[in-house]
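Each chain gets a letter, A, B and so on, in the order its sequence line appears, and its residues count up from 1.
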Amino acid sequence: MNSLSGCCKKDFPTLKVKVYGKRLVYLDSAATSLKPESVIESIVDFYSNHNANIHRGVYLLSQEATELYEKTRTKLKKFFNTPKEGEIIYTSGTTAAVNLVASSWGRTSLGEGDVIVLSGMEHHSNMVPWQIVAREKGAKLIYIPVTDSGELDLEEYKLIFKNHSVKIVAVNHISNVLGTLNPVEEIVRQAHRYGALVLIDGAQSAPHIPVDISRIDPDFYTVSGHKMLGPTGTGFLYGRKEILKSMPPYQSGGDMIEEVSLKNATWNELPYKFEAGTQNIAGFVGLGAAVDYLISAGMDRVRKHGEELSMKAREMLSSVKGIKFYGPEKGSPGGVLSFNIEGAHPHDIGTILDSEGIAVRTGHHCAQPLMKRLGVAATVRASFYIYNDEQDIESLYSGIHKVAEVLKLGVK
Amino acid sequence: MNSLSGCCKKDFPTLKVKVYGKRLVYLDSAATSLKPESVIESIVDFYSNHNANIHRGVYLLSQEATELYEKTRTKLKKFFNTPKEGEIIYTSGTTAAVNLVASSWGRTSLGEGDVIVLSGMEHHSNMVPWQIVAREKGAKLIYIPVTDSGELDLEEYKLIFKNHSVKIVAVNHISNVLGTLNPVEEIVRQAHRYGALVLIDGAQSAPHIPVDISRIDPDFYTVSGHKMLGPTGTGFLYGRKEILKSMPPYQSGGDMIEEVSLKNATWNELPYKFEAGTQNIAGFVGLGAAVDYLISAGMDRVRKHGEELSMKAREMLSSVKGIKFYGPEKGSPGGVLSFNIEGAHPHDIGTILDSEGIAVRTGHHCAQPLMKRLGVAATVRASFYIYNDEQDIESLYSGIHKVAEVLKLGVK
Amino acid sequence: MELSELYREVILTHATHPHHYGEIENPDKKAHGSNPLCGDSFDIEIKMDGDKIAEISFVGAGCSISKASASMMTEMARGKTVKEFYDLLDKMEKLVRGELAEKDTEELGDLAALAGVSAFPIRVKCAILPWKTLKNAVEDDG
Amino acid sequence: MELSELYREVILTHATHPHHYGEIENPDKKAHGSNPLCGDSFDIEIKMDGDKIAEISFVGAGCSISKASASMMTEMARGKTVKEFYDLLDKMEKLVRGELAEKDTEELGDLAALAGVSAFPIRVKCAILPWKTLKNAVEDDG
Ligand SMILES: Cc1ncc(COP(=O)(O)O)c(C=O)c1O
Ligand SMILES: Cc1ncc(COP(=O)(O)O)c(C=O)c1O
């Protein structure tokens with residue numbers, strides 16, 4: 001992959017699809033990424049050659065399945081540089097991971113008057129679970145304000161600790177709307193100084209930038225596998241071992257058990273305590289292939305690519321009459337570009353772009369409070385990933401001109 | 001599929017695998033079934049031609065993905081004959097489905113002294129979640145005893161209602177260890193007479209017998225897609241609409257929301273209220289292909305096949321010295337045959353059978369209380385499905401003779 | 001799929017210059033409607049005169065389709081009885097789903113322009129949202 | 001993968017005729033160990049004489065491998081100091097993982113028969129379970 005030329009369109013079969021006879025320009029990777037051939041093949045290989053349930057089987061197929069399933073965990077540990085064994089808990093994605101923490105940790109650790117700090121740019125997945133547990137436990141939510149330039153107001157953040165008993169801070173690493181990269185190291189340091197825990201929602205960072213969990217040192221870190229080239233229904237929760245150990249199970253059932261009597265049960269060791277029932281085995285095997293793919297692409301280059309494409313797109317589109325951008329001016333490390341065009345509703349823009357084969361996301365992006373802060377009901381979001389290139393930006397640019405034509409924006 | 005000849009070995013690529021150079025004899029379908037080519041292909045087709053996130057996209061690919069994802073729901077509704085729209089909630093399997101009910105319904109509907117009725121032959125997944133919510137809410141667990149012939153003691157079951165305020169009854173439709181088919185209609189009628197709800201764990205019935213949910217009339221019914229030819233990480237909860245409506249969400253985040261403010265959120269309509277975050281989209285597309293496959297196999301024939309194979313296997317093995325069977329004499333509608341051989345531990349049997357290419361499950365099968373009732377620590381379980389045939393039974397029979405030889409059972 | 005069928009002149013005009021946009025004083029009934037998938041939302045207020053919808057207004061944020069639909073709806077619904085409105089709602093739903101007979105389309109006036117929506121299933125919800133909201137307003141009893 | 005390497009004569013004999021099977025009176029220390037994946041479980045009791053494991057017994061349910069391993073362990077551990085036991089445990093773990101040098105194997109006596117387990121990774125846990133349980137018993141302080 002070299003600057004603005006996509007690394008590898010040919011590796012992604014979906015890019016061969018024609019939409020209304022036109023080339024597909026996929027600019028919605030922040031919702032879910034496309035999958036490379038190697039990931040799809042690893043799933044086919046699993047079902048064709050190693051299909052079995054894991055962990056409890058004495059036979060070869062089951063041992064192979066278990067090995068493949070656990071190998072991904074080892075790869076993730078290395079890729080994200082997590083400190084210890086047993087700290088990576090498979091989940092179906094970030095939403096399930098945040099719910100696990102809010103429910104298992106939150107319901108046993110939060111009390112009347114305790115404060116949960118969120119930010120004004122969170123995805124609903126890192127907001128609603130906290131609202132629910134806060135209501136249940138009498139805890140309070142305080143939001144880090146978003147500045148006019150689309151960043152977290154760190155001064156305000158630090159002030160919160162002066163007057164409140166903060167128990168946990170939960171913020172995203174990269175915003176899925178603005179594309180802002182938040183200073184998570186600083187956020188963690190501040191919280192730890194006051195004995196508060198920190199959960200980082202890495203749904204948008206894991207696919208795009210090198211993430212070193214040992215260095216960031218959060219207590220929890222959540223990832224969606226399906227946004228980083230992996231299969232749908234995959235993701236994980238990283239948790240600090242001592243904390244995970246002290247938490248009760250979240251879901252219960254097969255595999256997470258040590259012994260069960262009619263009255264009682266004792267729990268299996270980490271991470272299995274939190275993985276009840278038959279998991280998405282093939283999915284996690286596929287996630288391992290996704291990690292391999294990202295390693296060979298090189299995360300530094302992936303980051304640079306997303307930044308450059310989103311910057312370049314912003315530059316090109318800035319000539320469009322009435323366009324307004326939300327997010328960092330210099331391009332987003334998350335490859336995200338959100339905008340609105342005066343007189344054109346995002347939905348209409350989305351429909352018209354679609355007719356040109358261009359897939360963008362429109363709406364509130366599961367971040368309604370941020371929309372309110374921006375003073376809009378919705379935005380258009382183009383998100384770029386490793387298979388996008390400069391040609392895709394040009395298609396977007398022509399698409400936007402088609403929008404102006406259809407909606408007669410010029411003649412108003 | 002005709003009586004003892006498997007319908008379709010050629011449709012299942014895993015059956016071409018060689019284990020230590022020997023033909024694979026897969027007798028562990030009760031843990032997870034093999035997947036037919038058509039299911040694997042539907043996953044490949046999804047990732048290659050329709051890959052996108054669902055529900056919120058205005059562009060064609062996302063609409064196609066949404067349609068494929070929802071089409072499976074329509075198929076499941078018809079296949080299981082559920083009464084109304086919005087009653088099928090996708091989950092990763094039975095474990096997740098039971099946890100959803102125990103947590104969302106249980107934590108809001110159970111109180112001090114209320115009784116939860118389980119049975120002595122439940123899988124841990126339909127036992128431990130109830131133990132946890134019972135402890136939290138001060139509710140009591142009462143177990144329907146298992147008779148010596150491996151059936152539920154219905155007389156005892158009925159007596160429970162005389163002296164207790166039963167709120168819910170949760171039992172499996174077919175036992176994963178014994179293969180017993182429980183009289184769920186009668187169980188439901190009795191419970192409803194006393195105003196108690198009923199959850200049926202259909203993990204082993206859904207793959208094997210025609211299930212008519214409207215006729216059985218339970219309040220909840222749980223299914224594991226991966227045991228009925230579907231992808232791993234799939235399954236669903238059926239819930240009676242009025243009850244689902246009254247239940248709070250289980251997990252929260254994207255997609256299950258109507259509107260979100262900084263303080264509060266309102267919920268989307270059914271079933272989406274219970275489907276937070278990005279789901280296993282490709283998995284549920286594959287589950288649709290699995291349903292198609294089962295429809296064309298014909299569930300009446302599938303049932304007959306499982307019954308005949310398990311009966312035939314029991315007949316053949318009954319000549320083995322010191323063998324003891326657990327479960328129905330006439331063959332199991334679930335295609336399950338559990339046994340032990342005197343002087344041979346199940347693990348040793350499993351290892352030796354594996355060396356012959358035969359995959360059986362050994363251990364407690366996530367049913368430790370039932371093991372205690374049977375007076376054993378573990379059993380060997382051979383489970384048959386549509387791709388098994390008489391030849392597989394003969395392989396098992398020879399395999400068991402190899403066990404006797406290696407463990408020197410004859411000479412003791 | 002013809003974009004020009006969806007974005008007809010009359011729709012763009014209603015969308016940019018909506019009729020009855022605003023609030024009315026002392027409304028008898030009102031309702032709030034939103035589309036969870038896109039965040040669009042409308043508030044509709046009405047004044048009844050016996051069984052008739054005497055006055056009607058709306059405010060809200062939405063795409064061209066939903067806004068034009070709301071604007072045209074206010075024109076059509078004003079002065080109609082509740083029963084007549086339900087009839088209209090039924091026709092309108094059929095129209096945007098492509099299920100309305102040609103001859104029934106004629107009596108719909110401007111509204112007929114929404115027929116183009118039927119080729120864009122994902123946008124059907126947009127067209128219907130204001131109507132569902134008005135229905136809720138009509139059924140609002142304080 | 002050679003079955004006859006796993007199920008050697010000496011292992012089958014220990015499994016069917018385990019040594020020190022039962023309970024001891026007034027044990028100083030004890031522990032319960034189980035394998036959540038298969039349901040096997042062992043209870044081990046010991047009597048200490050200063051730093052020495054003076055008496056040892058076990059009861060439990062398990063496969064040939066775990067039972068033979070337990071039986072042989074009682075033979076080997078009896079009379080050993082805690083430190084000597086830890087050394088032995090270390091060797092034993094290496095043995096069943098196939099990491100023990102040939103010459104170290106010799107001093108293990110009957111135990112050396114467990115070398116065949118290393119070709120069956122899934123059974124390694126079986127072989128180790130009684131040893132982990134004894135370790136917990138040794139470290140049990142009431
Ligand atoms: C920042 C952020 N957090 C959380 C999520 C939810 O992730 P998932 O749908 O994988 O649970 C997303 C993606 O939609 C996201 O962008
Ligand atoms: C009767 C029964 N209930 C529940 C389960 C758990 O199903 P899953 O692992 O799909 O959650 C199983 C299968 O293991 C089962 O056989």
(request) Indicate the atoms forming the closest heavy-atom contact of B:His347 with D:Arg123, along with that distance. (result) O-NH1, 3.2 Å
(message) Tell me whether the count of non-hydrogen atoms from other residues, nucleotides or ligands lying under 6.0 Å of NZ in B:Lys324 goes above 12.
(response) no
(message) Show, in sequence, the C-alpha distance, side-chain angles and deciding distance for D:Lys67 and B:Asp348, and conclude whether the salt bridge (Lys or Arg N to Asp or Glu O under 4.0 Å) test is met.
(response) CA-CA 11 Å; D:Lys67 239 170 162 175; B:Asp348 296 317; over 6 Å; no
(request) Report the distance from atom OG1 of B:Thr351 to atom CG of D:Leu3, rounding to the nearest 0.5 Å. (result) 8.0 Å
(request) Count the heavy atoms belonging to other residues, nucleotides or ligands that lie under 6.0 Å from NZ of D:Lys80, then report whether that count exceeds 12. (result) yes
(message) Under 4.5 Å from any heavy atom of chain B, what part of D:Ile65 do you find: side chain, backbone, both or neither?
(response) both
(message) What residues of residues 42-64 of chain D make heavy-atom contacts with chain B at a cutoff under 4.5 angstrom?
(response) D:Ala61, D:Gly62, D:Cys63, D:Ser64
(message) Counting neighbours of CD on D:Glu25 that are heavy atoms of other residues, nucleotides or ligands and sit closer than 6.0 Å, is the number greater than 12?
(response) no
(request) Name, in order of residue number, those residues of residues 93-109 of chain D that have a heavy atom at a distance of less than 4.5 Å from a heavy atom in chain B; otherwise write 'none'. (result) none
(message) Is it the case that over 12 heavy atoms from other parts of the model lie below 6.0 angstrom from the CZ atom of B:Arg373?
(response) yes
Residues 117-124 of chain B, side-chain donor-acceptor partners within the protein, below 3.5 Å, at least two apart:
residue  : atom : partner  : partner atom : Å
B:Ser119 : OG   : B:Met121 : N            : 3.0
B:Ser119 : OG   : B:Glu122 : OE2          : 2.7
B:Glu122 : OE1  : B:Asn126 : ND2          : 2.9
B:Glu122 : OE1  : B:Asn172 : N            : 3.0
B:Glu122 : OE2  : B:Asn172 : N            : 3.1
B:His123 : ND1  : B:Ser125 : N            : 3.0
B:His123 : ND1  : B:Ser125 : OG           : 3.2
B:His124 : NE2  : B:Gln368 : N            : 3.0

(message) For B:Ser310, give me all partners under side-chain contact (heavy atoms from CB on, under 4.5 Å), at least two apart in sequence or on another chain.
(response) B:Ser332, B:Phe384
(message) Please report the interatomic distance CG(D:Asp40) to NE2(B:His364), rounded to the nearest 0.5 Å.
(response) 9.0 Å
(message) Distance check, rounded to the nearest 0.5 Å: B:Leu407 atom CG versus D:Ile11 atom CD1?
(response) 11.5 Å
